[in-house]
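Notes for the one structure printed next.
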2 protein chains.
Amino acid sequence: MNLKELAAELHLSQTTVSRALNGYPEVSEKTREIVLAAAQRFGYRPSPAARRLATGRAHALGVVFNAERNALMDPLFVEYLAGVAETSAKQGFDILISPSTPRDEIVTFGRLARDGTVDVVIISGPKLTDERIALLNELEFPFVVHGRPSDPTGISYIDIDNFGAFQQATSFLIQLGHRRVTLINGEEHFTFAQDRSRGAANAFAAAGLPNDMLDEHFMPMTAENAYHCARQALESDARPTAFLCGSALVALGVLRAAAELGLDVPRDLSIVAHDDEMPAFPADQFHPQLTTTRSSIRAAGARVAEMALARVAGQKPGAVAEVWPVQLIVRGSTAAAPERTGGKSDGNRS
Amino acid sequence: MNLKELAAELHLSQTTVSRALNGYPEVSEKTREIVLAAAQRFGYRPSPAARRLATGRAHALGVVFNAERNALMDPLFVEYLAGVAETSAKQGFDILISPSTPRDEIVTFGRLARDGTVDVVIISGPKLTDERIALLNELEFPFVVHGRPSDPTGISYIDIDNFGAFQQATSFLIQLGHRRVTLINGEEHFTFAQDRSRGAANAFAAAGLPNDMLDEHFMPMTAENAYHCARQALESDARPTAFLCGSALVALGVLRAAAELGLDVPRDLSIVAHDDEMPAFPADQFHPQLTTTRSSIRAAGARVAEMALARVAGQKPGAVAEVWPVQLIVRGSTAAAPERTGGKSDGNRS
DNA sequence: CGAAATCCCCAAAGCGCTTTGAACGCTGGG
DNA sequence: CCCAGCGTTCAAAGCGCTTTGGGGATTTCG
């Protein structure tokens, strides 16, 4: 049943019926009720395609996702998507997933913006110099960002306090007596990795410790990468007594390296990981349970979708800039640093 | 730039231009070339919304996904989605994600089918009695199934050989001397869980062993559930010497239980897991490396999307019914069953 | 009581594409 | 020389909705 038929059934014009259904004021309450009742009764549902053509708005929100073989952030992405879905479903917005490889990502964004299949897109994981943001700005296409853009002026975004989280975690380790700390970070060009790096460095500086006791590595955050990195660090002369991990997956790799080398966590080695709350891998289900800096990536997804919809509804870009606090949760993977058996001068050992 | 403008530019009618672009035969090659060149030059892109309204086809494929707080299959879902995306991108199809809770899943499917926002939907994880399939059949809306429906007549589907995989894995364990085996399976109402169950049972029967040596548990396949289940089994009188796991996550839970009880894998306990190839948790990155029955959920996603598109292109439902073989890959988590120190009569022990 | 304001409602014009039915110019057989 | 037949092209009618620009009733005010 379409609008014309419904209107005929009611002996009203399409105009009136349309307006009644969409809550316009120039229709009397009486007829509105009649119309709504009839629509209900006949199970009338307006055609999204027609509405889209007539209004020019798609009632959909775009998310591009990396379909490259190494979808690194897998478990995170779904959880994030669930958050986005949560709010967008509430407002009857569709979610359009556009697969893309990192190479033609920018083309994908261009297509989304020009085609009009979506009204707004969400960019996640902003980089130091982000061409996606540049493009959308140039096209004047609405978007919001999940993460903190390097230049946030005129951009609505939401981020967690990566700086604070890693500063806090690092301070905590320093207080426990740890001096040699290895930070396994994400890839260097992501702003979040930079923030975390600065957070950790800041804690060292605040404690009056030299910066070179913080051994930092940037890499895609997989368990395997982390494993290799940790093995190498643990077998080196300047063996760290603590690891800062960018994600629970990274912690998993570190745990494996420690186990293989016969190191006990937390006796020989402390581990703090950032935890985005993947339900598939709850940090408190690790062995030992992980000390984490915790934030909900799902909640962030929900919020960023909210912002995206607000943006469609006319909210100015840059109107929202939230940085969510991150809580340090101390569990079983951290302890006081072991006695320094080898003395300070590790260099002599080899 | 729209069709009318492009046509005006070329001094041709919209009809001709439209046909030239869409490859209809009733336009001469000469003008087709001209039109295509001009379209290229002006960067003309037809409006999806208008096309959708005119043709009635959305050029989109629907996937509903469970946005409930416990998105159990998280890592799997992304990998699967990546597969779907891979092929649908190739044919320029959009992917529409519809979030849903298990409760109103059926409503979501109904909406998708009636709204015309998608041309076809993919159902995954069919159940023994599946109301989604029933609904779409009744509405005569195109769909394909990822997994094997309990009644596959007239339905296009693709599945992996769950029966064969678990039969093979179980036989392998039996050959290694294992007699008490615990199977941690998915939820009972899924067809794949039934198939796996039958596969394992069949192996026991074929070896002439009583069925009650196979201890089977149905549950959502999370690491935590598996952990609790494994603890209980390992602390019972009839302690199993081997586990069959429905997924790598399940194996993770079992590994933790074993570690906590001081059991060595594979010396004291063998583990075989089904592996859907989640890149985030490669089975060969576990410690010990997991013996698995391996299949690519991503490839399955790609294939099922292909089928979905074929379905849109007019292929008859039920035209495709593929069951992919599953390979047993022996790694370090399996070994010969330990000597039976306690004798056969475990019942006496308590 | 007439004019202006107020309410409701309507006819019709798009939105940008596809597709039907017709017409055009040309060739070739009768 | 005429007409059927073919290859190309076109004008116009939708697809189902929103929205503009009125236009009857009814009310309100001078």
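Sequence lines set the chain letters: A, B, ... in the order given, protein chains first and strands last, and positions in each chain run from 1. The figures here come from the full heavy-atom set of this structure, side chains too, leaving out hydrogens, waters and symmetry mates.
- Over its length, the helix from dC1(C)-dG30(D) to dG30(C)-dC1(D) turns its helix axis by 60°, as judged from the five terminal pairs at each end, rounded to 10°.
- Using a 4.0 Å heavy-atom cutoff across all strands shown, Arg52(B) reaches no nucleic acid atom at all.
- At the phosphate of dC10(D), OP1 or OP2 sits under 4.0 Å from a side-chain N or O atom of Ser13(B).
- When distances run from any side-chain atom of Ala54(A) to the nucleotides dC9(C), dG14(C), dG16(C), the shortest one goes to dG14(C).
- Of the two residues near DNA chain C, Asn22(B) and Thr31(A), the one whose nearest nucleotide lies more 5' is Thr31(A).
- Annotation: Phe192(A) is in aromatic contact with Phe190(A) [ring centroid separation under 6.0 Å].
- Classification of Glu187(A) and Lys127(A) as a salt-bridged pair fails, no side-chain N sitting under 4.0 Å from a carboxylate O.
- Listed nucleotides dT19(D), dT18(D), dG16(D) differ in distance to Ser47(A); the shortest reach to its side chain belongs to dG16(D).
- The Ser28(B) side chain lies nearest to dT8(D) when the options are dT19(C), dT18(C), dT8(D).
- Residue Asn2(A) has no polar side-chain atom (N or O) positioned under 4.0 Å from OP1 or OP2 of dC15(D).
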>> Let's go through Tyr44(A) and Val17(A) carefully: what are the C-alpha distance in whole Å and the side-chain angles of both, what is the deciding distance for side-chain contact (heavy atoms from CB on, under 4.5 Å) to 0.1 Å, and is it a yes or a no?
In response: CA-CA 11 Å; Tyr44(A) 167 75; Val17(A) 175; 5.9 Å; no
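- Dashed line: the shortest gap from a side-chain N or O of Thr15(B) to OP1 or OP2 of dC10(D) is not under 4.0 Å.
- Side-chain proximity of Tyr24(B) to dC17(C), dT19(C), dC9(C): nearest is dT19(C).
- Between Thr55(B) and the phosphate of dC15(D), there is no side-chain N or O to OP1/OP2 separation shorter than 4.0 Å.
- For Gln14(A), taking side-chain heavy atoms from C-beta onward, the closest of the listed nucleotides dT9(D), dC17(D), dC17(C) is dC17(D).
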With a cut-off of 3.5 Å and sequence neighbours excluded, list every side-chain donor-acceptor pair involving residues 311-319 of chain B.
unit_1: Arg311(B); atom_1: NH1; unit_2: Gln315(B); atom_2: O; d: 3.3

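- Residue-to-nucleotide contacts include no donor-acceptor pair under 3.5 Å from the side chain of Ser18(B) to the base of dT19(C).
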